[in-house]
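See structure below.
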Protein chains: 2
Amino acid sequence: MNSKGNFVKKLRNSGLRPTKQRIKICEVLFKNEKTFHFTINELSKIIAEKIEEKISLATIYNTVHAFKKKGYLKEISINTDKSYFDTNTSHHHHFFDNLTKELTDLSNEDVEKIQINKSLPGKKISSVEILVKVENE
Amino acid sequence: MNSKGNFVKKLRNSGLRPTKQRIKICEVLFKNEKTFHFTINELSKIIAEKIEEKISLATIYNTVHAFKKKGYLKEISINTDKSYFDTNTSHHHHFFDNLTKELTDLSNEDVEKIQINKSLPGKKISSVEILVKVENE
DNA sequence: TTCTAGTTTATAATAATTCTAAAAAAAGTA
DNA sequence: TACTTTTTTTAGAATTATTATAAACTAGAA
Ligand SMILES: [Mn+2]
Ligand SMILES: [Mn+2]
Ligand SMILES: [Zn+2]
Ligand SMILES: [Zn+2]
């Protein structure tokens, strides 16, 4: 279903040239329908394992940021030393386990509608995200 | 109101020795009742300006983290290159302007009650925070 | 005052991220 | 296709935030 042809289309549609490296990264990110969260370092390790050729770290950074800009990836707001990205680009929220550093999706439906009764002059809301930190019971 | 004697008490109460440096940092953080958000670098600049003596960056890091652990400061979850801290330790939420990098408080009362209808096995919720990203209208 | 554990400091180390400039690849053109 | 132009990749350097180290210093107790 998500094969090379689709990746090329996906890239073309968003004005990105379908280079060999970008297609490889697409394979890792989008091949299976299950979405996941990752840091750049984790992604780089997965790529190193799954793909025969190596892709430079700079390219991984560049590509991930390009995908983010195009809306193919989301960046998750957590205050840690590294950035977390998400292949689930739908609007949703997160659990974060500070112990295991694990992120878990919290779907939009699992949260009652959020109503913000304040606004900032001259500004409009671009996103509203909940981060639920969890700890061991 | 918030004078040296109080800082010493505050520090003592939380098992921290009232050293010269920590009291100076307290002055910057807690002297005026108005709370604010800061990065370590901003804090370090404020200290350099307001206080005659210089305090090493390591001490600032250590002290801020000690205060955080003791609950005198909160760390805000935003994915940027630096950590944001908050002298407002009450439960509240934030607006974040990605352009100006400015954080603004969103009080608990400004947000309708958040109801999470999902839980993770063996985990309990330790905090629920909303980050509202804003952009120019 | 003396002793000791806790603290500060300068500095080095680490680690995430970005920058750079040259080489390689892709696209465009004829 | 063959040539030109544009974009991308790459290795490595640079930058920046943060943490670790280890020696000098200090607060507080005895
Ligand atoms: Mn931290
Ligand atoms: Mn980033
Ligand atoms: Zn997610
Ligand atoms: Zn705040």
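Naming: A, B, ... by sequence-line order, numbering from 1 per chain.
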Enumerate donor-acceptor pairs with a distance under 3.5 Å from any side-chain N or O in residues 53-61 of chain A to protein atoms, sequence neighbours excluded.
unit_1: A/S56; atom_1: OG; unit_2: A/T59; atom_2: N; d: 3.2
unit_1: A/S56; atom_1: OG; unit_2: A/T59; atom_2: OG1; d: 3.2

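Of the listed residues (A/E102, A/H37, A/K133), just one forms a side chain to side chain donor-acceptor pair (under 3.5 Å) with A/H94, and that residue is A/H37.
Counting to the nearest Å, the C1' atom of D/dT7 and the CG atom of A/L16 are 11 Å from each other. Atom CD in B/E75 sits about 15 Å away from atom P in D/dA17, given to the nearest Å. We find that CD1 of B/I23 is positioned 11 Å from C1' of D/dA27, with the value rounded to whole Å. Taking atom NZ of residue B/K24 and atom P of nucleotide C/dT9, one finds them 12 Å apart after rounding to whole Å. The CG-P distance, from B/L11 to C/dT7, rounds to 10 Å in whole Å. D/dC25 atom C1' lies 15 Å from atom NZ of B/K54, rounded to whole Å. Distance NE2 (A/H65) to P (C/dT17): 7 Å, rounded to an integer number of Å. If you take CD1 of A/I60 and P of C/dA15, they are 18 Å apart, rounded to a whole angstrom.
Checked by atom type and distance alone, the side chain of B/K124 never pairs as donor or acceptor with a backbone atom of B/S119 at under 3.5 Å.
Between B/T59 and the phosphate of C/dT7, there is no side-chain N or O to OP1/OP2 separation shorter than 4.0 Å. Of the side-chain N and O atoms in A/N62, none sit less than 4.0 angstrom from OP1 or OP2 of D/dT9.
With rounding to the nearest 0.5 Å, the separation of CD1 in A/I116 from CD1 in A/I114 is 6.5 Å.
Picking from D/dT19, C/dT17, D/dT9 the nucleotide with the shortest atom distance to the side chain of A/Y61 gives C/dT17. Nearest to the side chain of B/A58, among D/dA17, C/dT9, C/dT17, sits C/dT9.
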Exercise. Do nucleotides 22-29 of chain C as a string where each nucleotide becomes B, S or -: B if the base has a protein heavy atom under 4.0 Å, S if just the sugar-phosphate does, - if no protein is that close.
Key: -----S--

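Closest-nucleotide positions on DNA chain D for B/L57 and A/R22 were compared, and the one nearer the 5' end corresponds to A/R22.
In this structure, B/K68 forms no cation-pi arrangement with B/F85, as its terminal cationic atom is not both closer than 6.0 Å to the ring centre and no more than 45° off the ring axis.
Partners of A/F30 by ring-ring contact (aromatic ring centres under 6.0 Å, His included), not counting sequence neighbours, listed by chain and number: A/F67.
Aromatic ring orientation, B/H93 versus B/H91: perpendicular (interplanar angle above 60°, classes split at 30° and 60°).
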